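Structure first, then comments.
Just so it is clear, the model here is predicted, and its values are computed rather than measured.
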Amino acid sequence: MSTLHLVRKSAFTTNDFAQCLSVLDQQDSVVLMDDGCYNLKHPLMDSLIKRSESTISINVISNHAKARAIETLAAIQHIEMNDVVELTFTHNKVITWQ
Amino acid sequence: MSTLHLVRKSAFTTNDFAQCLSVLDQQDSVVLMDDGCYNLKHPLMDSLIKRSESTISINVISNHAKARAIETLAAIQHIEMNDVVELTFTHNKVITWQ
Amino acid sequence: MVSSDTQVENNLSQESGLAIINSKAPFSSDFGKDALDVALIFGSFEQKVSLFFQGDGVYQLIGHQDGTLVSIKDYLKTFSAFEFYDIEDIYVCQQSLVNRQLDESFHIDNVNVLASLEFGLAINRHQHVLRF
Amino acid sequence: MVSSDTQVENNLSQESGLAIINSKAPFSSDFGKDALDVALIFGSFEQKVSLFFQGDGVYQLIGHQDGTLVSIKDYLKTFSAFEFYDIEDIYVCQQSLVNRQLDESFHIDNVNVLASLEFGLAINRHQHVLRF
Amino acid sequence: MKTLAVVITTPPYSPLTVTALTYVETALIAGINVIGVFFYQDGAMHANENISIASDEYQAIAHWQRLNQQYQLPLHICITAAEKRGIACDSVDNEEINGAFTVSGLGELVELTTKATRLVQF
Amino acid sequence: MKTLAVVITTPPYSPLTVTALTYVETALIAGINVIGVFFYQDGAMHANENISIASDEYQAIAHWQRLNQQYQLPLHICITAAEKRGIACDSVDNEEINGAFTVSGLGELVELTTKATRLVQF
């Protein structure tokens, strides 16, 4: 019963990312896209990375991060849109946090 | 050079109120309106009230708080829209945080 | 061969229906009303739909509100029609209530207050999720 | 009678022109572009206009961005026209940069990095304020 | 003389527009000289003649029309914002634009801002 | 068979719509059966035939039209959301509604949701 979480908002501006993290399950995956890419530098990301040492996969859409000149972290997978499409079907459902 | 700050967003959801507070000056006034009324219960309000013991006036539009069933605090002035119009001209400028 | 025990478990864990997460306060945007319209149409088509309230969305459930004071047609009153539409699963995030210093007193009955973990698990029991 | 000293002080403290506060990131809404259009029209009418960047608005100033990667026409390039329009007062909130782990390196010159107190005082030197 | 210019950025179907309207009407009743309202961003949608809001909901556009008639309140719609939002502004006698609104450019905002004692954004 | 339904809530002039479009086109190229796109809330503005976006900016509506033609992708516009945003939906052969879009009710969303293996919102 894994969920794919599409995070589209900056945690520096809204609390959508915090809400996402509060319901995140161990088998889930997170994709940072659009302004969600800014969250790579947010304090909430540290706690997520520590948790994710278990099983949660954290991804960022390369072009979305690059467009915003955001350096990314080693713990984060760089993916493209076709990976997002694939993740849509390897997880049981999708929640968009926007 | 006083400023009237119209706060229309919930600090539980966005950081607009925090940005407002960061530029607030001693002679300024704050009006909580629309979802800004929710900020009466936000931790940021405590720090503002402590600061405001000096000179900052904090106001809430009665109907906007009442519509939302928000109990208000003793330190806060209850005002109506005609007071907002008056405050517009007793201050030098208006900034809307929305 | 699947034992009947496992079948029962599979049935229990079967994800079905739509979960709608409400994340916006009621009187500053149309999001709550738009979510309600979706919920009612699912109900009228006899499709399973559950409502979740999180973040500022929890303000949609609080008692003693009155949108008419700000000239807004109070769509919250329509929440009382949920039973008629067989919308019975209504969940609110406890942490969101606590953060906002809100009591667990709501303008409709049968609201389930859940801790974050259970709130997430309840969402997971649905096949699809929309968030407004 | 007003002494000439006081007059000088009054002139210095005279509030004039428009302050535009940018609070949104560049590639997820039109707010930055809409604010830019207002700034340029004030510039072309030879009216004083100053730009302030706060919160996620500071992302509009960061170097090495490329909107074309996400098929967005990169309005940030137009920032280089500020000098031509005599828009010379550009302020960024230092705390917003620090919170976002951003260096003070921008894609335009002459950006003034100010602590919150000074940032607020700089806004106060204007007669009107719009925020996008 | 107290003069006021107002900028509206929320669409007619937003509950936030009720607050803006109440503010402007209160100012007019108080005798403030409201020299103009400038509709920018999603505010430009106010001029769309085809907008149809359920009759039991707040009729923001009708209220602006009323203020325009009762107080000769100038209502300026930003043409760029309007075109982006599907309001055809090209023809002279346009049936799609609500008659209470004047199609203007951003230059009008400069004009209003320069003339007004106070500028308030909603 | 993998089937996908997509809900769009952002307007055609929003940069966020680019992401949604890229996602849908990528799914179509990957051979996913996208059974329909439902335009709700501000997404309904996509069907407004009068929308004019500067030619050097992303033409979201033209791209949706292209996907509709190339892949017979069904594009459903929510009628209530559209009317609220100034798109007249009453006449049969409506000049104001972009031909690539079908005017639908929320019942269509129920239909899509029930049929689709995955529902993704943008």
Side-chain angles (χ1 to χ4, degrees), chain A residues 1-36 38-39 42-48 50-59 84-98, chain C residues 6 9-25 28-31 34-35 38 47-60 91-100 112-132:
Chain A
M1 301 211 294
S2 61
T3 303
L4 177 65
H5 299 268
L6 305 180
V7 177
R8 306 185 82 189
K9 287 274 193 79
S10 160
F12 294 102
T13 288
T14 73
N15 72 337
D16 300 82
F17 188 46
Q19 286 179 32
C20 167
L21 296 183
S22 81
V23 300
L24 205 59
D25 206 356
Q26 283 300 324
Q27 312 97 300
D28 292 356
S29 297
V30 174
V31 174
L32 304 174
M33 58 203 296
D34 302 305
D35 282 356
Y38 294 127
N39 299 343
H42 194 276
L44 285 171
M45 188 53 65
D46 302 332
S47 59
L48 173 59
K50 270 172 210 147
R51 263 178 77 181
S52 74
E53 278 161 15
S54 48
T55 48
I56 298 165
S57 137
I58 316 174
N59 311 273
V84 182
V85 171
E86 208 182 308
L87 289 167
T88 303
F89 290 94
T90 54
H91 292 73
N92 297 50
K93 68 177 67 65
V94 183
I95 307 181
T96 306
W97 303 88
Q98 66 184 6
Chain C
T6 317
E9 200 186 305
N10 278 344
N11 284 336
L12 282 175
S13 71
Q14 183 70 46
E15 301 163 26
S16 69
L18 175 72
I20 297 178
I21 307 177
N22 288 281
S23 68
K24 303 280 193 298
S28 56
S29 77
D30 281 352
F31 277 68
D34 292 338
V38 172
Q47 295 297 314
K48 182 185 162 188
V49 58
S50 307
L51 293 174
F52 294 79
F53 295 86
Q54 189 186 22
D56 276 0
V58 302
Y59 289 124
Q60 294 185 30
Y91 304 95
V92 61
C93 170
Q94 186 170 44
Q95 191 57 52
S96 301
L97 292 172
V98 171
N99 290 347
R100 289 162 185 76
N112 300 289
V113 182
L114 299 180
S116 296
L117 182 67
E118 284 72 33
F119 190 81
L121 291 175
I123 293 172
N124 269 346
R125 286 197 293 271
H126 297 79
Q127 196 194 349
H128 300 302
V129 185
L130 290 175
R131 182 170 177 269
F132 292 98

Tightest non-hydrogen contact, residues A:Q98 and A:D16, listed as O-OD2, 3.3 Å
Applying a strict 4.5 Å limit to non-hydrogen atoms, the region of C:L130 in contact with chain A is neither
Cut-off 4.5 Å, heavy atoms of chain A, and the answer for C:Q127 is backbone
If you tally heavy-atom pairs under 4.5 Å between each of A:V94, A:I95, A:T96, A:L24 and chain C, the highest tally belongs to A:I95
Exercise for review: Establish, from distance only, whether the side-chain atoms of A:H91 and A:S29 form a donor-acceptor pair under 3.5 Å.
Suggested key: yes
Pairing of [X] and [Y] as salt bridge, 4.0 angstrom limit:
| X | Y | answer |
| --- | --- | --- |
| C:D30 | C:K24 | no |
| C:R125 | C:E15 | no |
| C:D56 | C:R100 | yes |

So, the part of A:D25 with a heavy atom under 4.5 Å from chain C: the answer is side chain
From the list C:A19, C:C93, C:S116, the residue making the most non-hydrogen contacts under 4.5 Å with chain A is C:S116
